[in-house]
Amino acid sequence: MTEAVTSDFELDSRLATDSVLIADGPLSQIRLMNDDRFPWIVLVPRVANASEWIDLDGGQQRLLLAEINQISQHLRQKPNVTKINIGALGNIVRQLHIHLIGRNENDAAWPGPVWGSGKAQRFDADVLTQRVEIWRQRLR
């Protein structure tokens, strides 16, 4: 088995622009998407050149699954979250990243996907800082 995290990992610039680092998990960067319309977390495995789930070895896959489960449990507890969407498309950003999005029947994109559904509504700076801190406390 290879090491869980590779030293030559680099975050895709588009993910860096659209999200904010909350914390480093055992395998992945845990990032908050900067879109106030949805409770939306992105997990980015810190594995160089990984673009598909199958690029991870078995140990890395198990770590990523545990991270998905942990974040999903936290999303489920948020008010108005009745469904959790999990996706790893990679059609625009090839770097492997997993979207975890809390959804409900009254959200801005329901029942369709969040991608391509209007323009992101960026958090105010103070609110963004507060949301990141709340997530950090949840993950301790």
Side-chain angles (χ1 to χ4, degrees):
M1 182 171 98
T2 61
E3 291 184 36
V5 176
T6 58
S7 61
D8 51 350
F9 164 80
E10 288 185 37
L11 182 66
D12 184 280
S13 62
R14 292 163 292 196
L15 291 172
T17 298
D18 291 342
S19 64
V20 176
L21 180 66
I22 296 170
D24 283 326
L27 178 70
S28 303
Q29 284 191 358
I30 303 166
R31 304 185 66 85
L32 175 66
M33 282 296 284
N34 192 354
D35 189 343
D36 195 23
R37 299 175 301 159
F38 311 100
W40 188 346
I41 301 296
V42 177
L43 299 175
V44 186
R46 295 185 316 277
V47 177
N49 304 315
S51 62
E52 305 293 344
W53 173 265
I54 57 175
D55 293 334
L56 304 178
D57 67 30
Q60 293 166 332
Q61 289 176 355
R62 286 186 289 280
L63 281 174
L64 182 54
L65 182 57
E67 291 172 338
I68 290 168
N69 288 338
Q70 178 188 24
I71 298 301
S72 294
Q73 290 294 341
H74 287 294
L75 281 171
R76 177 185 267 175
Q77 295 171 12
K78 293 188 71 58
N80 300 320
V81 171
T82 59
K83 179 73 178 104
I84 298 171
N85 289 175
I86 300 172
L89 303 178
N91 296 350
I92 295 174
V93 176
R94 292 191 60 81
Q95 182 173 38
L96 179 60
H97 60 289
I98 312 299
H99 296 269
L100 299 120
I101 309 156
R103 303 292 307 273
N104 71 70
E105 292 82 1
N106 297 311
D107 73 35
W110 191 268
V114 298
W115 295 278
S117 177
K119 186 171 167 47
Q121 295 176 7
R122 303 292 187 199
F123 290 103
D124 291 330
D126 291 341
V127 173
L128 181 60
T129 300
Q130 181 183 41
R131 297 280 170 89
V132 168
E133 184 54 35
I134 289 168
W135 271 104
R136 287 179 178 158
Q137 289 175 14
R138 284 183 184 137
L139 296 173
R140 286 190 183 128

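One finds the CG atom of Asn34 at 8.5 Å from the OG atom of Ser19 (value rounded to the nearest 0.5 Å). Lys119 NZ to Arg37 CZ: the interatomic distance, rounded to the nearest 0.5 Å, is 10.0 Å. Note that CG of Leu65 and CD of Gln70 are 12.0 Å apart. Values are rounded to the nearest 0.5 Å. With values rounded to the nearest 0.5 angstrom, Thr82 atom OG1 is found 3.5 Å from Glu105 atom CD. We find the CD1-CG distance between Ile86 and Leu43 to be 9.5 Å, quoted to the nearest 0.5 Å. Interatomic distance, CZ of Phe9 versus OG of Ser28, reported as 8.5 Å (0.5 Å rounding).
Taken together through direct or relayed side-chain contacts under 4.5 Å among Ile, Leu, Val, Met, Phe, Trp and Tyr, Leu27 and Trp53 form part of one hydrophobic cluster. Ile84 and Phe38 are members of different hydrophobic clusters when ILVMFWY side chains are connected at heavy-atom separations under 4.5 Å. Hydrophobic cluster membership differs between Leu75 and Leu21, with clusters built from Ile, Leu, Val, Met, Phe, Trp and Tyr side chains linked at under 4.5 angstrom. Under a hydrophobic clustering in which Ile, Leu, Val, Met, Phe, Trp and Tyr are joined whenever their side-chain heavy atoms come within less than 4.5 Å, directly or via other members, Ile71 and Leu128 fall into the same cluster. Note on Met33: it does not cluster hydrophobically with Leu96, by side-chain heavy-atom contacts below 4.5 Å among ILVMFWY residues.
The environment of Asn49 atom CG is sparse: at most 12 non-hydrogen atoms of other residues, nucleotides or ligands sit within 6.0 angstrom. A 6.0 Å sphere centred on CZ of Arg76 holds no more than 12 heavy atoms belonging to other residues, nucleotides or ligands. The local environment of CD in Gln137 is crowded, with over 12 non-hydrogen atoms from other residues, nucleotides or ligands closer than 6.0 Å. Within a 6.0 Å sphere centred on CG of Asp126, heavy atoms belonging to other residues, nucleotides or ligands number 12 at most.
Salt-bridge annotation for Asp18 and Arg122: present, with a side-chain N of the basic residue lying under 4.0 Å from a carboxylate O of the acidic one.
With Arg14 contributing its side chain and Ile92 its backbone, the two residues share a donor-acceptor pair below 3.5 Å. At least one donor-acceptor pair closer than 3.5 Å links the side chain of Asn104 to the backbone N or O of Asn80. A donor-acceptor pair under 3.5 Å links the side-chain atoms of Arg62 to the main chain of Gly58, judged by distance alone. No donor-acceptor pair closer than 3.5 Å links the side chain of Glu52 to the backbone N or O of Gly90. Gln121 places no side-chain N or O within donor-acceptor distance of the main-chain N or O of Asp36, the cut-off being under 3.5 Å.
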Q) Can you check side-chain contact (heavy atoms from CB on, under 4.5 Å) on Gln60 and Leu63, steps first, answer last? A) CA-CA 5 Å; Gln60 293 166 332; Leu63 281 174; 5.6 Å; no

**Q.** Full working for side-chain contact (heavy atoms from CB on, under 4.5 Å) between Trp135 and Ile30
**A.** CA-CA 9 Å; Trp135 271 104; Ile30 303 166; 5.7 Å; no

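Between Asp12 and Gln95 the shortest heavy-atom distance is N-OE1, 2.7 Å. Residues His97 and Pro45 share a closest heavy-atom pair of CA-CD, 4.4 Å. The heavy-atom pair separating Leu11 from Gln29 by the smallest distance is CD2-OE1, 3.6 Å. Closest non-hydrogen pair, Arg103 versus Asp107, comes out as NE-OD2, 2.6 Å. In terms of heavy-atom proximity, Leu139 sits nearest to Ile22 at CD1-CG2, 4.0 Å. Closest heavy-atom contact between Phe123 and Asp35: CE1-N, 3.7 Å.
Of the residues Val42, Ile41, Leu64, the one that meets the side chain to side chain contact (heavy atoms under 4.5 Å, CB included) test with Ile98 is Leu64.
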